[in-house]
J.: 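Can you read through this structure? Questions will come right after.
Residue numbers start from 1 in every chain, and the chains themselves are labelled A, B, ... in the order their sequence lines are given, proteins ahead of strands.
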Amino acid sequence: MVSEMNREFWLLDLNSDEKEGKPQVWLWGITPEGKRIVITENYRPYFYILPKASQNPANLKARLEKERPLPSIVELSIENKKLLSQERTVIRVVASSSENLAKLATKIVKFLGAEAFFEADLRPATKYQNDFQVHPCQWYGMEVETEPATVQARIVGETLQARNRPAHVLHERLPDLRAIGFTMLAVSQVGSPSPERDPIRVLAWNGSDGRGGTLRSDERSDENILRKFSEVVQAEDPDFIFSFGGNSAHWPYLLKRAEKTRVSLTIGRDAGPPRQSLFGHFSVTGRANVDLLDFAGDLYDVKEKTLGAVTRYLGVRDLRETVVEETDNYDYWSDPHKRDVLTKMVGQEAETILTLGTDALDYVVQLSALSNLPPDHVLAGAAGFRVDSHMMMEAHRLGQLIPPRNEVPAIPYRGAIVLQPEPGLHDNVAVVDFSSMYPSLMVKYNISPDTLTEEKGDEVYTVPEVGTSFRKTPPGLYAQILSDLIQNRKMIKAEIARSTKGTSRYRILKAREKAAKIITNATYGYAGWAGSRWYSKQVAESAAAMGRDTINKSIGLARQSGLKVFYGDTDSLFVNYDKDRVDRFIAAIDQELGLEINLSQVYKRILFTEARKKYAVLKENGELDLVGMEAIRGDWSSLAKEVQNKVLQFVLEDKTPDRALSYVRQLSHELASQKRPLSSFVIWKTLTKRPEQYDVHAPHVEAAKKIVKLGWPVSSGDRVGYVIVMARGKLYERAEPYFKTSIDNIDIAYYLQNQVLPVAARALSIFGITEENILEAKGRVEG
DNA sequence: AACTGTGGCTTGTGTC
DNA sequence: GACACAAGCCACAGTT
């Protein structure tokens, strides 16, 4: 018996499938009562054929209908679409299957002698989302009917069939989501564990209901772990599965072990295993598999992408006391007492992963809803793909044909202006910057590939320096999308101002605002990205040129307002803080340029070096803020960073170099005698390719090669920690992996000469002090 | 996603 | 063979 009803649900994920030869889209949802459902909908894939300007679309359609050259065409219709600024009539071709759409489209173009095809490269689920403006992680309501029980019905609460299209329902809140966090460990005597050889020893999980467990295998086989883990997932039935490194490490390892032991990993709501998907990501049917390592990638301030560093940064938990170095795992496992310590550590990691995942959830959900990428994909996808997905949704709404992604060679163009700073100490400095400068300029001057024109005169904006022109009307594609984004963000900001800090609504709005900011800013970059569907060098170049023009004019206006300009970068100016003059300046920008500029900071004191993008500020509350300095870079030893931090603090507080100098002198003395931990000397650098692919002998590359020799594979993207030891030879010959050496081998003289003195001198150079006379001063003072 | 900018280090070349 | 210098490689940070 079939019964009809209306179902409201929160959309967790979408996928497409073919059932009995019928292409379908599946919507995985959660109802307000917490029921997990899947709604299947017959959805036939389609694409567009663009006739040549000389061809009559109706005739072409008739030809296809009469001659029936390809049996997989099931429906044809005529539609009016936009191809950038052109109004074009296209033939919409519905196919019987979503397989080989591009091949079919190619054949039709050839058969008709048409100009091109469009949208045969898009996944059916994406097309469905675009067609009906369906965003993941949002509430929908739709008419459904029950479907005869299938395999899924045992796993999901209800299997339903769609009777109409999903209609958006406006709810702020999230459903009651279930999540688990998990991690695992395998050990190997030599080098890193291999799934071919080394079984999983420990697998720990934690669920959002407080349940959790640690599975351990002390015997040869890990069969029990694999089986139990599948059972756990099915019993807990999580909507989100969190891991840290799951996509790169855990899932591939689990799959290989499952293959070896012939255990089937039943993880998905279809009782299937995780499957390799886009962006190096593993998909779990009906669940969102989220790798928090990707979330760490979005945390700009965290340089070390480890679970410990991320949780420390977010204040979630401090794991430092429990960390066992990867190289020590085997020793710990081999010792019965230490084995328990190791097991406990894995358990704690699982707990932390769940906590971190729960923390990240608001952001994942909002970014997913805005970008239109499902929650399990959105973090894995690079910035360009998030914008790509957002642009497609919006362009479709505006009636545009979606062009294919092209891989043309990128053409570089001139970017922003960075002013030469005035070196020295300055008191009471204000920072003013334009809000969303490039997006605002793209909207204001209608900078877009569809408004680009050869015409000149009153109807167009002509960009200085580059001379490119854009029609003033109608609004271009980028202008429309960006003004929507800017408007949207303004509204969210206003909502935030009205809501109470600490509430879940406040957190949701904050996350939504962050998502809008990310997409808005990356859209300018997307225009200049060679892989973009709407790539246009002229657009990116013109936005940058308008930016330069704007900042140059602003410098003039600042001076007219009686302000002194100390520094500026792209869209910001650092001026002396005189409230009346700054207010006058802000008003002048509004009046003269029609743009919004804001006072964003007032600093008590600031130190500019002679270099751009490197300065230190003392805030009104006494805190130190560093920009660009070695002390905040990930590729200097913590010894050097500590020294620079201190020196800058002393100089900014005192306005004289005395305290800083005696500190450095003292330290240089102690360095030889006093033992410091090895970690003070470790220099970390990221590999951007495999060690053997480098052209030069760089210290971190040589250290990486030594690590490989020890049996630990090192690949592109890995960070290498090395120290410089006392030995003969070139510097790169003296770079050792830090875990293979001891404090007694450290070349203290190198660290003093090449780490401590340069960073100290950088901060002290404004007093005429150089690397050499930091030590000379020592003689003078003591003598 | 884009470009701008800094600076260490290696490597090649020229000079004594 | 030691040294100086320039060019290029490389990683990282800052701005949108």
Side-chain angles (χ1 to χ4, degrees), chain A residues 300-301 303 371 381-391 405 410-421 431 433-442 478 482 517-537 539-548 550-551 567-573 600 609-615 626-637 640 683-689 693-702 704 716-717 719-720 724 729-735 750 753-755 758-759 761-762:
Chain A
Y300 174 77
D301 288 334
K303 269 134 214 155
S371 73
F385 293 97
R386 295 174 191 172
V387 176
D388 192 52
S389 179
H390 177 259
M391 286 277 295
R405 279 183 12 86
I411 308 163
Y413 58 87
R414 262 188 78 197
I417 291 176
V418 186
L419 304 184
Q420 190 68 52
V431 183
D433 47 28
F434 287 93
S435 36
S436 309
M437 187 200 236
Y438 290 155
S440 301
L441 291 170
M442 287 169 82
Y478 276 105
L482 285 168
K517 182 184 176 180
I518 283 176
I519 300 283
T520 309
N521 285 342
T523 300
Y524 150 75
Y526 178 85
W529 175 40
S532 162
R533 292 176 194 273
W534 288 277
Y535 170 69
S536 170
K537 185 205 149 196
V539 165
E541 173 182 64
S542 298
M546 279 313 311
R548 292 194 295 273
T550 303
I551 203 75
Y567 176 65
D569 185 348
T570 314
D571 74 328
S572 68
L573 291 178
S600 66
T609 65
E610 51 294 298
R612 291 170 243 233
K613 294 182 187 269
K614 279 184 199 288
Y615 55 89
L626 305 186
V627 177
M629 291 283 185
E630 285 80 0
I632 56 157
R633 292 175 63 101
D635 57 349
W636 284 79
S637 64
I683 298 166
W684 291 92
K685 268 191 168 55
T686 311
L687 291 183
T688 54
K689 42 192 162 187
Q693 290 174 315
Y694 280 84
D695 294 330
V696 294
H697 298 276
H700 71 298
V701 177
E702 297 307 303
S716 176
R719 273 163 69 82
V720 179
I724 301 300
K730 305 243 189 208
L731 187 68
Y732 63 80
E733 291 169 316
R734 302 196 286 128
Y750 169 85
Q753 211 43 243
N754 298 59
Q755 292 270 314
V759 301
R762 187 104 51 234

J.: What integer distance in Å separates A:Arg633:CZ from B:dG8:P?
T.: 10 Å
J.: In whole angstroms, how far is the C1' atom of C:dG14 from the OH atom of A:Tyr438?
T.: 12 Å
J.: Check every atom of B:dG7, C:dC12, C:dT16 against the side chain of A:Arg762 and return the nucleotide holding the closest atom.
T.: B:dG7
J.: Hey, does the side chain of A:Asn754 come within less than 4.0 Å of B:dG7's phosphate (OP1/OP2), counting only N and O?
T.: no
J.: Contact class for A:Lys537 vs. all strands (heavy atom < 4.0 Å): base, sugar-phosphate, or nothing?
T.: nothing
J.: State which of C:dC12, B:dT10, B:dA2 makes the closest approach to the side chain of A:Val696.
T.: B:dT10
J.: How would you label the contact of A:Asp388 with the nucleic acid (heavy atoms, under 4.0 Å): base, sugar-phosphate, or nothing?
T.: nothing
J.: Name the closest nucleotide to the A:Tyr732 side chain, picking from C:dA11, B:dT10, C:dT16.
T.: B:dT10
J.: Give a yes or no on whether a donor-acceptor pair under 3.5 Å exists between the nucleobase atoms of B:dG5, that is its base, and the side chain of A:Lys613.
T.: no
J.: Nearest to the A:Asp569 side chain among C:dG14, B:dT6, C:dT16, which nucleotide is it?
T.: C:dG14
J.: Would you indicate what A:Thr523 reaches in the nucleic acid, counting non-hydrogen atoms under 4.0 angstrom: base, sugar-phosphate, or nothing?
T.: nothing
J.: Just the rounded figure in Å: distance from P of B:dG5 to CD1 of A:Ile632.
T.: 18 Å
J.: Take the protein atom NE2 of A:His697 and the nucleotide atom P of C:dC9, then report the distance between them rounded to whole Å.
T.: 15 Å
J.: Figure out the NZ/P separation between A:Lys689 and C:dC12, and round it to whole Å.
T.: 13 Å
J.: Assign A:Tyr750 to base, sugar-phosphate, or nothing according to its heavy-atom contacts below 4.0 angstrom with the strands shown.
T.: sugar-phosphate
J.: A:Asp569 and salt bridge (charged side-chain N to carboxylate O under 4.0 Å, His left out): which single residue from A:Lys614, A:Lys613, A:Arg548, A:Arg612 fits?
T.: A:Lys613
J.: Is A:Thr688 close enough to C:dA11 that one of its side-chain N or O atoms is under 4.0 Å from OP1 or OP2 there?
T.: yes
J.: Would you say A:Tyr694 places a side-chain N or O within less than 4.0 Å of OP1 or OP2 belonging to C:dA11?
T.: yes
J.: Identify the heavy atoms of A:Gly381 and A:Arg386 that sit nearest to each other, and give their distance.
T.: O-NE, 3.2 Å
J.: Please tell me which of A:Gly525 and A:Val418 maps to the more 5' nucleotide of DNA chain B, matching each residue to the nucleotide holding its nearest heavy atom.
T.: A:Gly525
J.: Given C:dC12, B:dC9, C:dC10, which nucleotide is nearest the side-chain atoms of A:Lys685?
T.: C:dC12
J.: Looking at every strand, decide which applies to A:Ala416 at a 4.0 Å heavy-atom threshold: base, sugar-phosphate, or nothing.
T.: sugar-phosphate
J.: For A:Ile417, which contact category applies under a 4.0 Å heavy-atom criterion: base, sugar-phosphate, or nothing?
T.: nothing
J.: How is A:Arg414 classified with respect to the nucleic acid when contacts are heavy atoms under 4.0 Å: base, sugar-phosphate, or nothing?
T.: sugar-phosphate
J.: Side chain of A:Tyr615 only, please: which of C:dA13, B:dA1, C:dT15 is the nearest?
T.: C:dT15
J.: Is A:Thr570 near enough to B:dC3 that one of its side-chain N or O atoms lies under 4.0 angstrom from OP1 or OP2?
T.: no
J.: Which one, C:dC9, C:dA13, B:dG5, comes nearest to the side chain of A:Arg612?
T.: B:dG5
J.: Within the structure, does a side-chain N or O atom of A:Lys730 lie under 4.0 Å from either OP1 or OP2 of B:dT11?
T.: no
J.: So which nucleotide from C:dA11, B:dC9, B:dT11 ends up closest to the side chain of A:His700?
T.: C:dA11
J.: Let me know the distance between CG of A:Asp571 and C1' of B:dC3, rounded to the nearest Å.
T.: 14 Å
J.: Might you work through the side-chain contact (heavy atoms from CB on, under 4.5 Å) test for A:Arg405 and A:Phe385, ending with a clear yes or no?
T.: CA-CA 11 Å; A:Arg405 279 183 12 86; A:Phe385 293 97; 3.8 Å; yes
J.: Any base atoms under 4.0 Å from A:Val701, or only sugar-phosphate, or nothing? Heavy atoms, all strands.
T.: nothing
J.: At 4.0 Å (heavy atoms only), tell me whether A:Lys614 reaches a base, stays on the sugar-phosphate, or touches nothing.
T.: sugar-phosphate
J.: Quick one: A:Leu573 CG to C:dT15 P, roughly how many Å, whole number?
T.: 13 Å
J.: Using a 3.5 Å distance criterion without hydrogens, assess whether the side chain of A:Ser600 forms a donor-acceptor pair with backbone atoms of A:Asp433.
T.: no
J.: I want to verify a distance call: between B:dT10, B:dG7, B:dA2, whose nearest atom is closest to the A:Tyr413 side chain?
T.: B:dA2
J.: Mind checking A:Ala544 for me? I need base, sugar-phosphate or nothing, with any heavy atom below 4.0 Å counting as a touch.
T.: nothing
